[in-house]
Amino acid sequence: MDYFISKERAETDLLDCAAFLAERVKSADGHAEAMSEIVPRYLAKGDVDLAAELANAIDDPFSRDRLLIQVAEKCAQIDDDEYAMQLADSIEDHGLRAQALERLALVKAAKSQPEKAAEIAATMEHPDFVYAGIAVNHAINGENAASEKMLAEIDFPAARANALQQIAAAHLRDDKKEKAAETLAAAFVAAEEIEHDEERIRALCDIGNLYNDAGRRDKAIETFDRAKADAELLDNQHRDYFLVNCALGFLYAGSEDLSDRTLDLVRDKTQMASALLGIARDQRRKEQNDDAFESLEEAYEILRSQRDIETRDSRAKNGVISSVAVQFAGFGKYDRAVEIAQENPDPAEQYGALTQIAKIQASLGEDELARQTVNAIDEDSVRLFALIAISDARAKRNEPAIALLDEAAELAETVPQFASRSAILNDIAAKYFAGGHPEKARSTTLENLDVIAQIRDESSQAASIASIADVYSTAAVELGADEQEQLAKLVRKVEW
């Protein structure tokens with residue numbers, strides 16, 4: 001088999017070393033997985049030729065085609081259009097090839113190259129979203145006649161509605177609220193033509209939110225009322241989700257009565273709790289803190305009362321529990337926040353919520369409380385990431401965080417999983433570099449390379465080295481002799 005990364009390159013460059021290892025992964029799935037981490041990094045460096053070669057060498061057709069789309073898109077961004085089209089044409093899967101062409105055309109539209117975008121669109125079976133992208137770019141550039149002409153070319157109502165929403169959002173960014181409202185009126189008409197129920201309701205909700213941003217509460221209420229009427233007719237799991245969106249839209253438009261009446265239609269307890277979480281945030285924004293606490297407590301009680309047989313989506317339920325816990329921390333109710341977080345049955349959600357709570361505490365100078373919250377995490381690797389997170393919060397307060405990083409680096413040795421330990425050490429090295437401690441960063445990286453050498457999974461080993469490459473690239477530092485020596489050991493180990 002031909003390889004593209006030489007031993008000499010691999011011994012002197014982190015990303016090249018990662019690619020060297022990835023090329024030699026014996027498992028087809030492992031090879032594809034490793035290259036999915038490495039190819040985008042070569043694209044970020046602008047090395048499209050090598051990225052294309054590495055992607056094309058993948059045996060798994062789906063993984064290969066997905067990466068070739070990324071390479072082709074990068075080529076379009078740097079105006080190497082001929083190569084971009086060659087790569088797109090080489091994609092075997094018909095659906096992915098169509099996706100590639102659409103993305104290339106949208107890149108050209110975003111770069112204010114409408115002729116090239118239209119040329120690509122002419123080769124496509126369904127070019128409507130490309131026409132939408134061209135129309136949006138014309139509008140952003142103030143070319144209103146050209147934008148209108150391109151909008152008229154769009155047959156698919158969803159694409160036309162989406163384009164008009166993007167144009168309205170651009171008007172809002174330029175503080176042209178009247179112009180935005182005019183565009184949203186056209187978007188509303190297009191959205192009503194969408195045949196697929198969920199897609200139509202989603203578009204209407206998005207338009208309603210933009211009307212709120214434009215200060216047209218009357219039109220927002222009208223739009224959400226239309227979306228609500230359609231949502232009531234749904235007989236699937238999306239019904240209550242959309243009703244909650246409408247209820248919050250009514251609330252933000254200033255109609256608590258319509259909001260309450262819409263919430264009365266919601267049957268799913270997870271969605272009702274999610275609505276109450278949104279209401280609590282709005283109440284906090286209005287400085288109605290007592291009402292916000294009540295809304296949060298009600299949200300949590302609804303979730304606690306939800307039986308397994310009533311739960312449509314456990315992941316969504318656990319996610320809302322985490323959000324409620326973090327929101328309590330935002331109010332300074334730390335004990336309640338930690339209590340709710342620890343009751344989450346999903347360990348990942350529990351750990352994530354506790355980490356967020358600790359970050360909030362640390363950002364407000366509550367360092368001892370933050371440490372207590374971190375100590376409540378019983379998974380070693382997660383607890384260390386949380387410790388690093390609160391060091392970030394201290395740094396943002398312009399207070400010394402080096403002691404926390406030193407502690408995390410020392411405790412990293414207790415993490416038994418080598419891949420997890422490597423990720424922790426890499427994060428610590430990045431913080432050392434950012435904090436102006438390059439020697440500590442290099443020392444941590446050397447330790448990390450020792451750890452990576454012990455990872456048995458070849459693709460994980462390659463991906464871990466690629467992650468170190470990100471740290472050194474961000475810090476804009478060159479590899480030292482010690483790091484190169486470690487890379488040489490890894491390379492020799494593979495050759496044996």
Side-chain angles (χ1 to χ4, degrees), residues 1-75 87 90-93 96 417-427 429-430 445-474 478-479 483-496:
M1 178 178 177
D2 293 331
Y3 295 122
F4 298 100
I5 305 296
S6 68
K7 172 186 171 184
E8 291 72 25
R9 287 183 61 169
E11 291 176 346
T12 57
D13 183 272
L14 284 160
L15 186 56
D16 286 343
C17 183
F20 179 91
L21 299 180
E23 283 191 288
R24 289 155 179 80
V25 173
K26 299 176 182 65
S27 158
D29 289 343
H31 178 239
E33 184 180 337
M35 284 304 175
S36 295
E37 292 289 328
I38 289 162
V39 168
R41 288 174 163 91
Y42 277 114
L43 291 178
K45 292 175 63 175
D47 196 342
V48 293
D49 291 327
L50 180 55
E53 295 285 11
L54 293 173
N56 204 41
I58 296 173
D59 288 332
D60 174 57
F62 182 74
S63 298
R64 181 181 63 248
D65 287 350
R66 289 284 298 273
L67 285 177
L68 286 175
I69 290 175
Q70 293 184 44
V71 179
E73 192 171 14
K74 179 67 175 183
C75 289
L87 290 168
S90 73
I91 293 171
E92 297 177 5
D93 182 84
L96 289 176
Q417 301 89 356
F418 292 129
S420 296
R421 193 191 305 178
S422 173
I424 292 166
L425 290 171
N426 204 43
D427 204 10
T445 298
L446 289 172
E447 180 184 348
N448 194 3
L449 288 168
D450 275 336
V451 170
I452 290 171
Q454 300 175 71
I455 297 176
R456 291 186 177 181
D457 182 78
E458 297 166 318
S459 61
S460 179
Q461 192 176 62
S464 296
I465 295 176
S467 295
I468 299 178
D470 292 342
V471 172
Y472 273 63
S473 175
T474 300
E478 299 292 332
L479 280 182
E483 292 101 310
Q484 291 185 28
E485 183 179 342
Q486 292 284 69
L487 295 185
K489 289 180 181 178
L490 286 166
V491 169
R492 288 197 296 269
K493 184 178 178 181
V494 172
E495 291 187 319
W496 291 339

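Each residue takes its place number in the sequence, starting with 1.
In terms of heavy atoms, L15 sits closest to A466 at CD1-CB, 4.4 Å. Closest non-hydrogen pair, M35 versus P40, comes out as O-CD, 3.9 Å. Across all non-hydrogen atoms, the minimal contact from L487 to C17 is CD2-SG, 3.8 Å. Between A488 and E11, the closest heavy-atom pair is CA-CG, 3.8 Å. Closest of all the heavy-atom pairs between Q461 and L21 is OE1-CD1, 4.0 Å. Smallest separation of non-hydrogen atoms from I58 and A32: CG2-CB, 3.7 Å.
Here side chain to side chain donor-acceptor pair (under 3.5 Å) pairs that include residues 36-45, with residues two or more places apart or in two chains, are D16-Y42, E37-R41, R41-D470. Within the structure, salt bridge (Lys or Arg N to Asp or Glu O under 4.0 Å) pairs that include any residue of residues 52-66 comprise R64-E92 (at least two apart or interchain).
Using a 4.5 Å cut-off on side-chain heavy atoms (C-beta onward), V39 and L50 make no contact. L43 is listed as a side-chain neighbour of V48, based on a closest heavy-atom distance under 4.5 Å. Side-chain contact between K74 and V71 is absent, with no heavy-atom pair separated by less than 4.5 Å. Looking at V471 and T445, their side chains never come closer than 4.5 Å, going by heavy atoms from C-beta outward.
Evaluation of the ring pair (Phe, Tyr, Trp, His ring centres under 6.0 Å) rule for Y472 yields F433 as partners, not counting sequence neighbours. Under the side chain to side chain donor-acceptor pair (under 3.5 Å) criterion, E33 pairs with no residue, sequence neighbours left out. Looking at residues two or more places apart in sequence or on another chain, you find a side chain to side chain donor-acceptor pair (under 3.5 Å) between S422 and N448.
In this structure, OG in S464 is found 8.0 Å from CG in N426, a value given to the nearest 0.5 Å. To the nearest 0.5 Å, the span separating CZ on F62 from CG on L96 amounts to 5.5 Å. Rounded to the nearest 0.5 angstrom, R421 CZ and L425 CG are separated by 7.5 Å. Rounding to the nearest 0.5 Å gives a distance of 11.5 Å between CZ of F20 and CZ of R9. Remark: I465 CD1 to L449 CG distance equals 6.5 Å, nearest 0.5 Å. Of the inter-residue distances, the one linking D49 atom CG with C75 atom SG reads 7.5 Å to the nearest 0.5 angstrom.
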Pair L14-E483, side chain to side chain contact (heavy atoms under 4.5 Å, CB included): steps then yes or no:
CA-CA 9 Å; L14 284 160; E483 292 101 310; 6.0 Å; no

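For the pair R24 and Y3, the cation-pi criterion (under 6.0 Å, within 45° of the ring axis) is fulfilled.
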Just list the side-chain donor-acceptor pairs under 3.5 Å for residues 450-458, sequence neighbours left out, or say none.
| unit_1 | atom_1 | unit_2 | atom_2 | d |
| --- | --- | --- | --- | --- |
| D450 | OD1 | Q486 | NE2 | 2.9 |
| Q454 | NE2 | D450 | O | 3.3 |
| D457 | OD2 | S459 | N | 3.4 |
| D457 | OD2 | S459 | OG | 2.7 |
| D457 | OD2 | S460 | N | 2.7 |
| E458 | OE1 | K26 | N | 3.4 |
| E458 | OE2 | K26 | NZ | 3.4 |

